[in-house]
Amino acid sequence: FHLPFLSSSTFAQNNSSKTKDQQWSNLDTRQDATLRGHGRLMLKTFGRVVRCHDELSVLEAELMAVGKRHAMMQMKPELFGKVGDALLWLLETDVAQHRWDPEHSKAFQTVTAFVTTAMAKGTEC
């Protein structure tokens, strides 16, 4: 897939000779301001879904618009789930040290499924 906004980033410059899978497997988002910002937006979105669960139809419409924007950047909808899985792994490995339990895991799996499904619907528009 192609991410035009990363073409001049540190990420693209350091990984130009690698395959896309190799690039992403070695990615350290701490070194790329664009990706750090994207990560913050993702976490805010997940937090909003948790806080505003009584407004899911509004959130779904917004997430569909986000999915549509991602499709215009040639992001494949199947990647949304992979990013969600990575976020879940991060939460489970980092938060597990504190208070992560099966209830937290199920709740965040539900939120992740809602976000990724709504975004994927937006790519169909």
Side-chain angles (χ1 to χ4, degrees):
F1 60 102
H2 176 64
L3 296 172
F5 63 91
L6 292 178
S7 60
S8 64
S9 70
T10 304
F11 169 73
Q13 292 169 5
N14 292 337
N15 292 291
S16 59
S17 64
K18 298 177 183 176
T19 68
K20 291 292 182 193
D21 287 340
Q22 289 171 327
Q23 291 174 11
W24 287 106
S25 67
N26 296 322
L27 181 61
D28 183 354
T29 59
R30 296 169 294 186
Q31 295 179 5
D32 191 297
T34 302
L35 291 175
R36 278 195 319 269
H38 187 264
R40 281 192 290 276
L41 284 172
M42 285 177 51
L43 291 175
K44 284 181 183 180
T45 298
F46 277 71
R48 186 161 177 236
V49 170
V50 170
R51 286 188 313 278
C52 302
H53 57 83
D54 56 339
E55 301 173 11
L56 291 181
S57 60
V58 173
L59 291 171
E60 182 179 38
E62 291 175 12
L63 290 167
M64 287 175 67
V66 170
K68 186 174 186 172
R69 286 193 303 273
H70 279 70
M72 290 188 304
M73 294 184 288
Q74 301 177 3
M75 295 293 295
K76 296 178 183 176
E78 57 269 16
L79 296 177
F80 303 155
K82 291 182 180 185
V83 172
D85 290 344
L87 178 60
L88 286 170
W89 175 84
L90 176 67
L91 289 169
E92 289 173 1
T93 56
D94 188 49
V95 180
Q97 302 171 33
H98 307 286
R99 296 179 24 211
W100 195 262
D101 59 29
E103 189 175 330
H104 286 102
S105 182
K106 184 175 179 173
F108 274 94
Q109 287 172 7
T110 301
V111 170
T112 301
F114 174 76
V115 170
T116 58
T117 300
M119 286 181 63
K121 282 183 188 178
T123 65
E124 299 166 3
C125 299

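Taking each heavy atom of Pro77 and Thr123 in turn, the nearest pair found is CG-OG1, 3.4 Å. The two residues Val115 and Leu63 make their nearest non-hydrogen contact at CA-CD1, 3.9 Å. A pairwise comparison of heavy atoms in Glu60 and Ala118 identifies CG-CB, 3.9 Å as the closest pair.
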Between Leu87 and Leu43, does a side chain to side chain contact (heavy atoms under 4.5 Å, CB included) hold up when you go through it step by step?
-> CA-CA 9 Å; Leu87 178 60; Leu43 291 175; 3.7 Å; yes
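Once rounded to the nearest 0.5 Å, the distance linking OG1 of Thr116 with NZ of Lys82 reads 13.0 Å. Atom CD in Gln109 sits 9.0 Å away from atom CG in Asp85 (nearest 0.5 Å). Arg48 contributes atom CZ, which lies 7.0 Å from atom CD of Glu55 (distance to the nearest 0.5 angstrom).
In this structure the side chain of Phe46 reaches within 4.5 angstrom of the side chain of Thr112, judged on heavy atoms. With contacts defined as side-chain heavy-atom distances shorter than 4.5 Å, the pair Glu62/Val58 qualifies. Looking at His104 and Leu91, their side chains never come closer than 4.5 Å, going by heavy atoms from C-beta outward.
There is no path of hydrophobic side-chain contacts, each under 4.5 Å, that joins Leu41 to Met73. Side-chain heavy atoms closer than 4.5 Å link hydrophobic residues (I, L, V, M, F, W, Y) into clusters, and following such links, even through other members, never connects Met64 to Val111. A single hydrophobic cluster is seen to contain both Met119 and Val50, as judged by linkage of ILVMFWY side chains at heavy-atom distances under 4.5 Å, directly or through other members.
Between the side chain of Thr117 and the backbone N or O of Phe114, no donor-acceptor pair lies under 3.5 Å.
Counted within 6.0 Å of CD on Glu78, heavy atoms from surrounding residues, nucleotides or ligands total more than 12; the atom is thus considered enclosed.
Remark: His53 engages no residue in a ring-ring contact (aromatic ring centres under 6.0 Å, His included) (not counting sequence neighbours).
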